[in-house]
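The model shown is predicted, which means the values in this text are computed figures rather than measured ones.
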Amino acid sequence: MGKHLAVVFQDLNIFQELFGANDGNLSVFEDLLGVHVYFQGNKIYLDSEDKRIHSTFKSMLDQLEEHVKLGHLPGPDLIRAVYRSLNTGDREDVDILKSTNIIIPNGLKKVFPRSHNQALYLKAMEERELVFSIGPAGTGKTYLAVAHALKAIISRTKRKLILTRPVVEAGESLGFLPGDLAQKINPYLRPLYDAMESLIPIDMLRRMEENRIIEIAPLAYMRGRTLSHCYIILDEAQNSTREQIKMFLTRIGEGAKTVVTGDITQIDLPRRRESGLLNVISILESIDEIQFCFMGEQDIVRHPLVRKIVHAYESLQKE
């Protein structure tokens with residue numbers, strides 16, 4: 001079949017961003033269009049004479065170019081969302097991906113959602129006082145919450161960021177670990193530091209910790225407190241008991257925003273049914289100020305292998 005020109009790019013930077021590192025997005029376009037796509041210089045060719053495919057491809061590139069100019073680097077999820085919108089005539093999925101983003105003052109990067117559900121999650125955090133994000137590993141639950149919280153703290157719309165996790169092993173086993181309390185619990189809180197360190201400069205993070213603007217503590221240390229005008233994140237909530245999650249939610253004070261994240265497929269409690277996250281949906285879903293956001297394997301944005309692993313485990317559970 002002969003070569004059929006689709007697009008000529010004058011801006012090679014846009015060209016490179018659209019197709020990703022090592023042309024990693026090329027296979028996504030080929031899978032969606034069902035034709036071979038290849039380059040010669042700044043020209044893109046399709047192995048197809050179908051003008052509808054040419055038109056769809058050109059429209060996809062036009063929309064994706066808008067994202068690139070906004071600072072949103074196209075990945076497989078965004079490309080598929082654009083393709084779906086063109087086929088269904090519904091631009092909502094694509095428009096919400098463009099309109100929801102997080103710009104942290106003096107931060108290291110602009111944060112964009114990489115799936116429709118992630119965009120809905122960001123929108124919920126903007127609009128609701130309490131948001132639950134429930135889904136498998138790698139769906140950005142913690143990362144997006146931390147990014148949204150840092151924006152609020154650095155912009156001074158909230159006075160303090162409180163990050164907490166249940167420490168499941170905080171019984172006898174933790175007591176035998178060497179070091180003081182901070183050294184004992186640090187491994188359990190390390191993922192929260194990882195997220196923050198990728199979003200803001202280290203020296204900024206250290207200053208905020210020194211000034212007590214950021215506080216990271218085990219869930220058990222929340223008892224008896226009233227957290228007003230704070231941004232509060234409870235991470236790994238699937239490992240909190242029913243009593244703990246009730247205790248945590250009743251700590252919320254005036255002017256606070258709270259995000260609770262968890263993966264109900266990875267409960268480490270001795271008895272699964274004790275998880276507070278499992279029963280909280282039916283208890284709180286009727287309250288208007290609260291929103292539940294559910295992620296699935298299609299929202300996993302880590303290594304592609306993680307999505308396959310999650311799918312394999314979910315398939316096993318259904319048998």
Side-chain angles (χ1 to χ4, degrees), residues 120-135 141-142 144-153 156-171 174 181-182 184-185 188-189 191-192 195-196 208-209 212-264 266-295:
L120 293 176
Y121 179 31
L122 287 184
K123 191 169 184 285
M125 287 190 285
E126 285 289 329
E127 298 175 351
R128 296 291 194 273
E129 296 177 17
L130 172 57
V131 177
F132 287 82
S133 179
I134 301 171
K141 303 182 300 295
T142 301
L144 292 175
V146 169
H148 195 261
L150 287 173
K151 174 188 173 184
I153 299 304
R156 299 187 179 181
T157 59
K158 300 297 177 191
R159 68 175 182 85
K160 187 173 185 176
L161 170 56
I162 298 175
L163 299 156
T164 185
R165 275 185 163 199
V167 180
V168 174
E169 297 84 357
L174 190 64
L181 180 63
K184 291 172 193 267
I185 66 175
Y188 303 101
L189 304 175
L192 299 170
M196 290 190 292
M208 293 170 75
E209 282 190 292
R212 303 277 301 167
I213 297 172
I214 293 178
E215 177 184 346
I216 303 182
L219 178 59
Y221 281 48
M222 296 296 106
R223 188 175 296 279
R225 300 179 65 179
T226 300
L227 307 173
S228 301
H229 304 290
C230 296
Y231 202 118
I232 315 158
I233 298 175
L234 169 58
D235 194 36
E236 298 288 343
Q238 76 276 4
N239 289 327
S240 59
T241 64
R242 297 183 182 191
E243 293 76 15
Q244 284 177 323
I245 212 163
K246 178 184 177 182
M247 176 273 292
F248 170 78
L249 294 174
T250 54
R251 300 306 95 205
I252 300 172
E254 182 181 358
K257 183 180 289 288
T258 307
V259 179
V260 178
T261 71
D263 176 2
I264 57 176
Q266 296 194 46
I267 296 173
D268 299 320
L269 295 169
R271 288 183 289 275
R272 177 181 171 85
R273 66 178 180 273
E274 292 179 353
S275 172
L277 194 60
L278 283 176
N279 76 325
V280 76
I281 302 171
S282 59
I283 295 173
L284 302 180
E285 63 181 348
S286 62
I287 300 176
D288 292 338
E289 293 84 358
I290 300 175
Q291 184 160 336
F292 288 86
C293 299
F294 296 93
M295 306 283 192

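Interatomic distance, CG of Leu161 versus NZ of Lys151, reported as 15.0 Å (0.5 Å rounding). Of the inter-residue distances, the one linking Lys158 atom NZ with Ser228 atom OG reads 10.0 Å to the nearest 0.5 angstrom. If you take OG on Ser133 and CZ on Phe292, they are separated by 11.0 Å, rounding to the nearest 0.5 Å. Between atom CD1 of residue Ile264 and atom CG of residue Leu277 there is a gap of 6.5 Å, rounded to the nearest 0.5 Å. How far OG of Ser240 is from CE of Met222: 13.0 Å, rounded to the nearest 0.5 Å. Separating the OG1 atom in Thr142 from the CG atom in Leu163 is a distance of 9.5 Å, to the nearest 0.5 Å.
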- With salt bridge (charged side-chain N to carboxylate O under 4.0 Å, His left out) as the test, would you mind laying out the steps for Arg271 and Glu274 before giving the verdict? CA-CA 6 Å; Arg271 288 183 289 275; Glu274 292 179 353; 2.7 Å; yes

- Message: I'd like to know whether Met196 forms a side chain to side chain contact (heavy atoms under 4.5 Å, CB included) with Leu150, so could you lay out the CA-CA distance, the side-chain angles of the two residues, the decisive distance to 0.1 Å, and finally the verdict.
- Response: CA-CA 8 Å; Met196 290 190 292; Leu150 287 173; 4.2 Å; yes

- Task: Show your working on side chain to side chain contact (heavy atoms under 4.5 Å, CB included) between Ile245 and Leu219 and close with a plain yes or no.
- Result: CA-CA 9 Å; Ile245 212 163; Leu219 178 59; over 6 Å; no

- Check the pair His148 / Tyr231 against side chain to side chain contact (heavy atoms under 4.5 Å, CB included), numbers first and verdict last. CA-CA 9 Å; His148 195 261; Tyr231 202 118; 2.7 Å; yes

- Query: For Leu122 and Leu144, what are the C-alpha separation, side-chain angles and deciding distance, and is it a side chain to side chain contact (heavy atoms under 4.5 Å, CB included)?
  - Reply: CA-CA 7 Å; Leu122 287 184; Leu144 292 175; 4.1 Å; yes

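At least one donor-acceptor pair under 3.5 Å links the side chain of Thr157 to the backbone N or O of Ala152. A distance-only check finds a donor-acceptor pair linking the side chain of Asn239 to the backbone of Asp268 [under 3.5 Å]. The main-chain N or O of Lys141 is found under 3.5 Å from a side-chain atom of Tyr121 such that the two form a donor-acceptor pair. For the pair Thr241 (side chain) and Gly276 (backbone), a donor-acceptor distance under 3.5 Å is absent. Checking side-chain atoms of Gln291 against main-chain N and O of Val131 turns up no donor-acceptor pair under 3.5 Å. In this structure, Ser275 contributes its side chain and Arg272 its backbone to no donor-acceptor pair below 3.5 Å.
Under a cut-off of 6.0 angstrom, the local environment of CD in Glu209 is crowded, with over 12 non-hydrogen atoms contributed by other residues, nucleotides or ligands. Shown here is Arg223, whose CZ atom has no more than 12 heavy atoms of other residues, nucleotides or ligands within 6.0 Å.
In terms of heavy-atom proximity, Glu215 sits nearest to Lys160 at OE1-NZ, 2.9 Å. Of all non-hydrogen atoms in Cys293 and Leu120, the two that sit nearest each other are SG-O, 4.3 Å.
Contact annotation: the side chain of Pro218 never approaches that of Arg165 to less than 4.5 Å [non-hydrogen atoms, C-beta and beyond]. Under the 4.5 Å side-chain criterion, counting only non-hydrogen atoms from C-beta, Ile213 is in contact with Ile153. Here the side chains of Thr164 and Glu236 are not in contact, with every heavy-atom distance at 4.5 Å or above.
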Considering only distance and modelled atom types, tabulate donor-acceptor pairs under 3.5 Å from the side chains of residues 246-262, sequence neighbours left out.
unit_1: Thr250; atom_1: OG1; unit_2: Lys246; atom_2: O; d: 2.9
unit_1: Thr250; atom_1: OG1; unit_2: Met247; atom_2: O; d: 2.9
unit_1: Arg251; atom_1: NE; unit_2: Met247; atom_2: O; d: 2.9
unit_1: Arg251; atom_1: NH1; unit_2: Arg225; atom_2: O; d: 3.0
unit_1: Lys257; atom_1: NZ; unit_2: Met125; atom_2: O; d: 2.6
unit_1: Lys257; atom_1: NZ; unit_2: Arg128; atom_2: O; d: 2.8
unit_1: Thr261; atom_1: OG1; unit_2: Asp235; atom_2: OD1; d: 2.5

